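Have a look at the structure below before the remarks.
These numbers were taken from a predicted model, which means no experiment stands behind them.
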Amino acid sequence: QVQLVESGGGLVQSGGSLRLSCAPSRSIFILYTTNWYRQAPGKQRELVAAITMVGNSDYADSVKGRFTISRDNALNTVYLQMNSLKPEDTAVYFCNANVATRAGGPAYNYWGQGTQVTVSS
């Protein structure tokens, strides 16, 4: 069983930066399109950023110009660089991806457990 493991969350002051990482818990073949979602207390989970295998990316309007999603295919790791953080960015951030564990095998959708990001004003 594969798990996606997020790391890099924490407490930061408004205007600060954090970098989140998402990596599989064991060796896999490939991460396909990978997404970062977030969920604030009392709110629905929302898509923050997405990146394809070849590096094409897209962002929610609320984070454009502040967040950058990137990937290292050799490490099967996806990153979310978050700059100019605001208190409204406070949420649990989740990684989501379709994962193939072997070449030519099927891909299944997985979620991570989430990492807390708290931005103080």
Test item: side-chain donor near acceptor, T118 and Q116, under 3.5 Å: yes
Heavy-atom donor-acceptor pair, E6 side chain to C95 backbone, under 3.5 Å: yes
Path from V119 to F94 over hydrophobic side-chain contacts below 4.5 Å: no
Within one Ile-Leu-Val-Met-Phe-Trp-Tyr cluster: V78 and V63, side-chain cutoff 4.5 Å: yes
Heavy-atom closest pair, residues S84 and S17: N-OG, 4.3 Å
N/O donor-acceptor pairs under 3.5 Å from side chains in residues 51-59, not counting sequence neighbours:
unit_1: T52; atom_1: OG1; unit_2: V54; atom_2: N; d: 3.4
unit_1: T52; atom_1: OG1; unit_2: G55; atom_2: N; d: 3.4
unit_1: T52; atom_1: OG1; unit_2: N56; atom_2: N; d: 3.0
unit_1: Y59; atom_1: OH; unit_2: I69; atom_2: N; d: 2.9

Check residues 30-40 and write down every donor-acceptor pair under 3.5 Å in which the side-chain atom is one partner and the other belongs to a residue at least two apart or another chain.
unit_1: T34; atom_1: OG1; unit_2: Y32; atom_2: O; d: 2.9
unit_1: N35; atom_1: ND2; unit_2: N96; atom_2: OD1; d: 2.9
unit_1: R38; atom_1: NE; unit_2: E46; atom_2: OE2; d: 2.6
unit_1: R38; atom_1: NH1; unit_2: D89; atom_2: OD1; d: 2.9
unit_1: R38; atom_1: NH1; unit_2: Y93; atom_2: OH; d: 2.9
unit_1: R38; atom_1: NH2; unit_2: E46; atom_2: OE2; d: 3.2
unit_1: R38; atom_1: NH2; unit_2: S62; atom_2: OG; d: 3.4
unit_1: Q39; atom_1: OE1; unit_2: R45; atom_2: NE; d: 3.4
unit_1: Q39; atom_1: OE1; unit_2: R45; atom_2: NH2; d: 3.4
unit_1: Q39; atom_1: NE2; unit_2: K43; atom_2: O; d: 3.1

Output a table of donor-acceptor pairs, distance under 3.5 Å, between side-chain atoms of residues 18-26 and any protein atom two or more places apart or on a different chain; print 'none' if there are none.
unit_1: S25; atom_1: OG; unit_2: Q3; atom_2: N; d: 2.9
unit_1: S25; atom_1: OG; unit_2: Q3; atom_2: O; d: 3.4

For Y79, the rest of its hydrophobic cluster, which grows through side-chain links under 4.5 angstrom: L75
Validation: residues 101-108 side-chain donor-acceptor distances under 3.5 Å, sequence neighbours left out:
none

Taking every non-hydrogen atom, the tightest pair across L80 and A49: CD1-CB, 4.1 Å
Heavy-atom side-chain proximity of L4 to V99 below 4.5 angstrom: yes
S121 versus P87, closest heavy-atom pair with distance: CB-CG, 3.8 Å
R71/N73 under side chain to side chain contact (heavy atoms under 4.5 Å, CB included): CA gap, chis, key distance, verdict: CA-CA 6 Å; R71 65 188 299 151; N73 287 337; 2.6 Å; yes
Same apolar cluster (I L V M F W Y, side chains within < 4.5 Å links), W111/I28: no
Value rounded to 0.5 Å, distance of CZ in R66 from OG1 in T68: 11.0 Å
Partner set under side-chain hydrogen bond (donor to acceptor under 3.5 Å, both in side chains) for Q81, not counting sequence neighbours: N83
